[in-house]
Amino acid sequence: MNQIRFYSIGNASKIAATITNLGAKITELLVPNIKGEVKDVVLGFQTADEWCNQEPYFNAICGRVANRIKNGCFVLEGRTYRLPINDGPNCLHGGVMGFHTKIWDVVEVSPSEITLHYQAGDGEEGFPGMVDVWVTYIITADNKLVIRYKATTNQPTIIALTNHAYFNLAGEGSGRIDDHLLQIHANYYTPFDDTFCPTGEILPVSGTPMDWRKMTRIGDRIKDAYFAHSNGIDNNWCIRTKDEMKQLRHAATLEADGRRMECWTTMPGLQVYTGNYVEPNIGKSGRRYDKQHAICLEAQYWPDSIHHSEFP
């Protein structure tokens, strides 16, 4: 295996990130609050060995297809493809050895930007076609963390990427995210079945626990019976529908401890996950991690889109 390395990027405003070539993961994200107090706001570990063997999705690029593919199979141009089953009856985040497990090549690095590349072979984890993927992380002068994706293939295939960062704006290791305020700018959502795959319906959020259009304290909503099946929030909101123009949209806002983060994306969906299945373990600062100690805002295509022609 190629050596696991870590690279730092940042700006003059004390915002800095560390990126590793293992899974193109964000291993550290330093952000000051309104008082100027700088904290690391993503969960993670100290050593390369821990990054390899604990919580594999922490802050990683997930692919070839992020989220779930129902029953781990799909049909493309008349041919059936069968994938690894690693989440109930479904394939999750590209399979057992998805992009989050791979050593990526570092193409270019500068003080504020890094580009990584991975080439997936034809048939890797059951998917057709050789795929080249580039991911670029940029920290801008005006305090944005930008993630840009590019992919090419040599034959018809499916691809849907996301970043799976586990955020705690009060600082990693500071405990539960109950006091975080969350707002999701979406009028519709996709309900799921017993296996967490979409039923195919596109329903309005109005009058349901899925309505987060106003800033809401997470702890006031997370124990609602609607979220009990997934032990917390693990749902897809519709940022845009299939018929709406692809453009940069404000998908969500998260606030805690004097830090405010806005999520803007060109993707049509936002999977929000409150770390409901995080294993109790010790993080990079020596503090304990557990369930619902972080929140993921995964901008992506809607889950299982290959099986729903009405989805983007």
Side-chain angles (χ1 to χ4, degrees), residues 55-58 60-76 79-101 124-128 157-166 184 186 188-205 208-212 218 221-239 241-242 267-279 291-292 294-312:
E55 298 292 352
Y57 301 125
F58 267 14
I61 297 299
C62 293
R64 180 176 304 196
V65 174
N67 216 307
R68 294 170 178 88
I69 296 178
K70 190 172 180 65
N71 296 325
C73 68
F74 64 93
V75 177
L76 185 65
R79 181 175 175 182
T80 298
Y81 295 91
R82 302 196 180 279
L83 315 172
I85 303 299
N86 62 337
D87 182 70
N90 306 315
C91 180
L92 177 68
H93 292 326
V96 177
M97 300 297 291
F99 291 177
H100 63 287
T101 70
E124 182 175 297
E125 293 297 277
F127 291 95
T157 189
I158 60 174
I159 187 165
L161 304 174
T162 195
N163 178 273
H164 211 303
Y166 282 66
I184 303 171
Y188 295 92
Y189 73 102
T190 53
F192 54 67
D193 61 21
D194 289 343
T195 74
F196 304 104
C197 280
T199 63
E201 300 171 281
I202 304 170
L203 300 181
V205 300
T208 77
M210 292 289 288
D211 190 350
W212 293 71
I218 291 176
R221 186 78 63 85
I222 197 171
K223 294 182 179 179
D224 190 282
Y226 183 85
F227 302 116
H229 183 59
S230 50
N231 298 308
I233 302 168
D234 190 8
N235 302 82
N236 173 64
W237 276 262
C238 306
I239 305 305
T241 64
K242 185 175 182 177
M267 289 282 91
L270 186 72
Q271 184 84 12
V272 178
Y273 172 59
T274 49
N276 311 319
Y277 299 100
V278 170
E279 295 289 338
K291 296 175 177 61
Q292 298 175 356
I295 183 171
C296 306
L297 304 177
E298 305 166 55
Q300 57 185 256
Y301 286 102
W302 300 359
D304 196 36
S305 292
I306 187 62
H307 290 131
H308 300 278
S309 60
E310 69 277 18
F311 285 10

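- Here the straight-line distance linking atom CD of Glu201 with atom CZ of Phe192 works out to 12.5 Å at 0.5 Å rounding.
- Residues meeting the salt bridge (charged side-chain N to carboxylate O under 4.0 Å, His left out) test with Arg64, sequence neighbours left out: none.
- Minimum heavy-atom separation, His229 to Phe196: CD2-CE2, 3.4 Å.
- Put simply, OG1 on Thr274 and CG on Asn231 are 9.0 Å apart, with the number rounded to the nearest 0.5 Å.
- Interatomic distance, Tyr226 OH to Thr208 OG1, rounded to the nearest 0.5 Å: 6.5 Å.
- Counting only distance, with no hydrogens or angles, the side chain of Asn163 and the backbone of Ala165 share a donor-acceptor pair below 3.5 Å.
- Of the residues Thr162, Thr190, Asn67, the one that meets the side chain to side chain donor-acceptor pair (under 3.5 Å) test with Gln271 is Asn67.
- Looking at every heavy atom in both residues, Trp237 comes nearest to Trp302 through O-NE1, 4.5 Å.
- Closest approach of Pro268 and Tyr301 over heavy atoms only: CG-CD2, 3.7 Å.
- Nearest heavy-atom pair, Ile85 versus Gly88, reported as atom, atom and distance to 0.1 Å: CG2-O, 3.0 Å.
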Between His93 and Tyr57, does the side-chain contact (heavy atoms from CB on, under 4.5 Å) criterion hold? Intermediate values first, please.
CA-CA 9 Å; His93 292 326; Tyr57 301 125; 3.7 Å; yes
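- The minimum heavy-atom distance linking Tyr189 with Asn236 is given by the pair CB-O, 3.5 Å.
- In this structure a side-chain-to-backbone donor-acceptor pair under 3.5 Å is missing from His100 to Ile61.
- The distance from the OH atom of Tyr188 to the SG atom of Cys238 is 9.5 Å, given to the nearest 0.5 Å.
- Of the possible donor and acceptor atoms, none in the side chain of Trp212 sits under 3.5 Å from a partner among the backbone N and O of Ala186.
- Looking only at distances, no side-chain donor or acceptor of Arg82 sits under 3.5 Å from a matching main-chain atom of Gly126.
- Here the CG-CD1 distance, from Asp87 to Ile69, works out to 12.0 Å after rounding to the nearest 0.5 Å.
- For residues 188-197, every residue pair satisfying the salt bridge (charged side-chain N to carboxylate O under 4.0 Å, His left out) rule, not counting sequence neighbours, is listed here: Lys70-Asp193.
- Closest of all the heavy-atom pairs between Phe74 and His307 is CA-NE2, 3.8 Å.
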Verdict with reasoning, Phe227 to Ile222, per side-chain contact (heavy atoms from CB on, under 4.5 Å):
CA-CA 7 Å; Phe227 302 116; Ile222 197 171; 5.7 Å; no
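- For residues 303-312, no pair satisfies salt bridge (charged side-chain N to carboxylate O under 4.0 Å, His left out), with sequence neighbours left out.
- Using a distance-only test at 3.5 Å, with no hydrogens or angles considered, a donor-acceptor pair links the side chain of Glu55 to the main chain of Glu279.
- Separation of atoms SG (Cys62) and CZ (Phe99) is listed at 10.5 Å; rounding is to 0.5 Å.
- Proximity of a side-chain donor or acceptor of Asn276 to a complementary backbone N or O of Ile233 within less than 3.5 Å is detected.
- Formation of a donor-acceptor pair under 3.5 Å by the Ser305 side chain with backbone atoms of Phe311 is not found in this model.
- A donor-acceptor contact shorter than 3.5 Å links the side chain of Glu125 to the backbone of Val96.
- Surrounding NZ of Lys242 are more than 12 heavy atoms belonging to other residues, nucleotides or ligands, all under 6.0 Å away.
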